[in-house]
Asks: 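What follows is a single structure, and I will ask about it in a moment.
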Amino acid sequence: MSAIRGLQTVEHSGMLKLYSALFYAGCSFLITVVNKTVLTSFRFPSYLFLGIGQMIVTLVVLYAAKMRKKVQFQDFDRSIIFKIFPLPLLYVGNHITGLASTKKLSLPMFTVLRKFAILMTMILEVYLLKKSFPRRLVYSVVAIVFGAMVAASSDLAFELEGYTFILLNDAFTAASGVYTKKKLGTEGLGKHGVLFYNALFIIIPTLLASAFTGDLHKAVTFQDWGDATFVFCFLLSCSLGFVLMYSIVLCSYYNSALTTTVVGAIKNVAVAYIGIFVGGDYLFSWTNFLGLSICMSGGLVYSYSTFNQKTSVSYEGAQELKIRITEDSTQKEAII
């Protein structure tokens, strides 16, 4: 009985779930556009350096907030390493491949191929969290993947490196989402600790990698550092990088990892169609547009099904918990 009470205490209000999802969708939309401007429009050569800037902002903001006692998380000790890993590795993989694929791919193709992250998240939740999903939800995922494949098959600007980065980004996104949900319940970390120690553990290796590959030199010697518009976009990207990561953690805290991925798909509906008319790097074809439409339609059905069945999933989780309790003792079954 106490276990069921524990399950009920972690349930959050519908408004918190909705607002956190909308917050994440808005942040994700903005940073996609800003990153595309910095990396493509201004031709900034270093997505690694851009990621380092976003990590620095994360560390500075959270450390200052902790010093002013606005947020709380555990001070660093050896136990933090075991508590946080492998999340930093997944985070840096997600971060770097996301920025690299943004630079290499057109905006519509970027958003289409990102749909594979939904399928990967479902697979990981089935494998790691032992979840099951209704047929309508599975069929909508199939429609999303099918639409993505149709759209990608006619991509006249095919870029093997870009496709490799985006598929890796999907895998890292799925794994990062599932493990973030698990780590949020770790004692001493919480939302802010997960963000802070993620950035702390990966900023130095990322900086060394940037310097070793010559990426850092390209960024420092970039010719447009005197351009006020570029500097503004760069700083905006660094700030939004922190806000985006906070919004992802917040959405995962109030919802599930799958819901967070679905919210990203909803955002992509707007980004993909806007990218057809804005950006200048989309090569139109009817096959691509048809695949894009199928993909987005499946995403909407999937999103509706997921949010609509949230309540039933919670009850199903309670039933599964009750089954586990009854297996322990027949007396407990009688009490329940």
Side-chain angles (χ1 to χ4, degrees), residues 28-29 31-55 86-121 123-124 144-145 147-179 198 202-203 205-210 212-216 218-219 237-238 240-241 244-245 248 261 264-265 267-268 271-272 275 279-283 288 291-292 295:
S28 183
F29 175 84
I31 197 170
T32 299
V33 175
V34 173
N35 282 346
K36 191 66 178 175
T37 301
V38 172
L39 295 172
T40 302
S41 298
F42 285 100
R43 300 183 183 278
F44 186 65
S46 174
Y47 53 83
L48 277 177
F49 190 81
L50 185 61
I52 292 170
Q54 294 173 355
M55 296 173 205
L87 205 51
L89 299 178
L90 298 175
Y91 173 83
V92 71
N94 185 30
H95 204 78
I96 292 175
T97 56
L99 290 173
S101 56
T102 300
K103 181 178 181 180
K104 295 289 183 179
L105 295 174
S106 67
L107 202 56
M109 287 311 304
F110 172 82
T111 55
V112 166
L113 294 176
R114 283 286 292 151
K115 296 300 183 294
F116 284 94
I118 298 176
L119 177 61
M120 294 178 183
T121 302
I123 293 173
L124 280 179
I144 293 171
V145 175
M149 293 177 66
V150 171
S153 68
S154 65
D155 184 14
L156 302 180
F158 179 81
E159 171 65 54
L160 178 60
E161 186 178 0
Y163 275 47
T164 302
F165 274 126
I166 193 64
L167 292 176
L168 286 173
N169 184 233
D170 290 340
F172 280 120
T173 297
S176 181
V178 173
Y179 276 100
N198 257 335
I202 65 180
I203 188 170
T206 306
L207 186 60
L208 292 175
S210 179
F212 180 76
T213 59
D215 188 81
L216 183 62
K218 292 179 182 178
S237 176
C238 291
L240 286 175
L244 175 64
M245 291 310 304
I248 292 174
T261 309
K267 177 268 303 181
N268 287 342
V271 174
D281 57 354
Y282 177 72
L283 301 177
N288 184 275
L292 186 66
C295 186

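None of the values given here were measured: they were computed from a predicted structure.
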Asks: From the options Leu89, Thr121, Leu90, select the one residue that forms a side-chain contact (heavy atoms from CB on, under 4.5 Å) with Ser176.
Replies: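 Result: among Leu89, Thr121, Leu90, Leu90 is the only option passing the side-chain contact (heavy atoms from CB on, under 4.5 Å) with Ser176.
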Asks: Yes or no on side-chain contact (heavy atoms from CB on, under 4.5 Å) for Gln54 and Leu244, after CA distance, side-chain angles and deciding distance?
Replies: CA-CA 10 Å; Gln54 294 173 355; Leu244 175 64; over 6 Å; no
Asks: Checking side-chain contact (heavy atoms from CB on, under 4.5 Å) for the pair Ile166/Thr97: CA distance, chi angles, key distance, verdict?
Replies: CA-CA 7 Å; Ile166 193 64; Thr97 56; over 6 Å; no
Asks: Measuring from atom CG of Leu208 to atom CD1 of Ile203, what distance do you get when rounded to the nearest 0.5 angstrom?
Replies: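 The CD1 atom of Ile203 is 10.5 Å from CG of Leu208, to the nearest 0.5 Å.
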Asks: With rounding to the nearest 0.5 Å, note down the distance linking CD1 in Ile118 to CD1 in Ile123.
Replies: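 So the CD1 of Ile118 and the CD1 of Ile123 are separated by 12.0 Å.
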Asks: Check the surroundings of atom OH in Tyr179: do more than 12 heavy atoms from other residues, nucleotides or ligands lie under 6.0 Å from it?
Replies: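 Result for OH/Tyr179: open.
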Asks: How close do Met55 and Thr206 get, heavy atom to heavy atom, and via which atoms?
Replies: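 Distance-wise, the nearest heavy atoms are CE-OG1, 3.8 Å.
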Asks: Applying side-chain contact (heavy atoms from CB on, under 4.5 Å) to Phe29 and Val33, what does each step give before you reach the verdict?
Replies: CA-CA 7 Å; Phe29 175 84; Val33 175; 4.3 Å; yes
Asks: Where the side chain of Thr213 meets the backbone of Ser210, is there a donor-acceptor pair that is under 3.5 Å apart?
Replies: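 Checking the backbone N and O of Ser210 against the side chain of Thr213, a donor-acceptor pair under 3.5 Å is found.
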Asks: At their closest point, which heavy atom of Ala117 faces which heavy atom of Ala174, and how far apart are they?
Replies: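 Between these two residues, the closest heavy atoms are O-CB, 4.0 Å.
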Asks: Using 0.5 Å steps for rounding, measure from the CD1 atom of Ile248 to the CG atom of Asn94.
Replies: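 Answer for the CD1-CG pair, Ile248 versus Asn94, is 7.0 Å.
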Asks: Quick check for you: to the nearest 0.5 Å, what is the distance between Thr173 atom OG1 and Leu124 atom CG?
Replies: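 Output value for this atom pair is 11.0 Å.
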Asks: I need the Ile31 CD1 to Cys238 SG distance, nearest 0.5 Å.
Replies: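 With rounding to 0.5 Å, CD1 (Ile31) is 9.0 Å from SG (Cys238).
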Asks: State whether the side chain of Ser46 and the backbone N or O of Leu216 hold a donor-acceptor pair below 3.5 Å, judged by distance alone.
Replies: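 Answer holds: no.
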Asks: What distance separates Asn169 CG from Met120 CE, expressed to the nearest 0.5 Å?
Replies: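 Answer rounded to 0.5 Å: 9.5 Å.
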